[in-house]
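Have a look at the structure below, then the notes.
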Amino acid sequence: MEKERFEGRSVTLNSLLEEQRALNMRMLLAVQLRDEETQKLLQRELEEIAGRIEKLLAGRS
């Protein structure tokens with residue numbers, strides 16, 4: 001049972017990390033294009049993902 005809980009958590013963590021990487025790549029492009037509005041939106045999304053990752057790692061999903 002503990003293993004199943006860990007595997008489910010691992011998959012969720014991996015998906016959050018993948019989403020974070022994708023947002024970082026989009027942020028890099030927005031910076032290169034000097035698109036400040038998109039940078040602000042992406043920054044908020046990155047902060048949300050970071051918070052979700054932090055909660056997950058702390059065991060408070």
With a 4.5 Å cut-off on side-chain heavy-atom distances among I, L, V, M, F, W and Y, is there a chain of contacts connecting [X] to [Y]?
X: Leu17; Y: Leu46; value: yes
X: Leu56; Y: Ile49; value: yes
X: Leu23; Y: Leu29; value: no

Nearest 0.5 angstrom please: [X] [atom1] to [Y] [atom2], how far?
X: Glu45; Y: Asn24; atom1: CD; atom2: CG; value: 11.5 Å
X: Asn14; Y: Glu19; atom1: CG; atom2: CD; value: 13.0 Å
X: Gln20; Y: Leu13; atom1: CD; atom2: CG; value: 9.5 Å
X: Arg44; Y: Lys40; atom1: CZ; atom2: NZ; value: 8.0 Å

Evaluate side chain to side chain donor-acceptor pair (under 3.5 Å) for Glu47 paired with Gln43, printing each intermediate quantity in order.
CA-CA 6 Å; Glu47 290 169 359; Gln43 184 61 39; 3.3 Å; yes
Each residue besides Met25 in its hydrophobic cluster should be listed here, by chain and number; the cluster joins Ile, Leu, Val, Met, Phe, Trp and Tyr at side-chain heavy-atom distances under 4.5 Å.
none
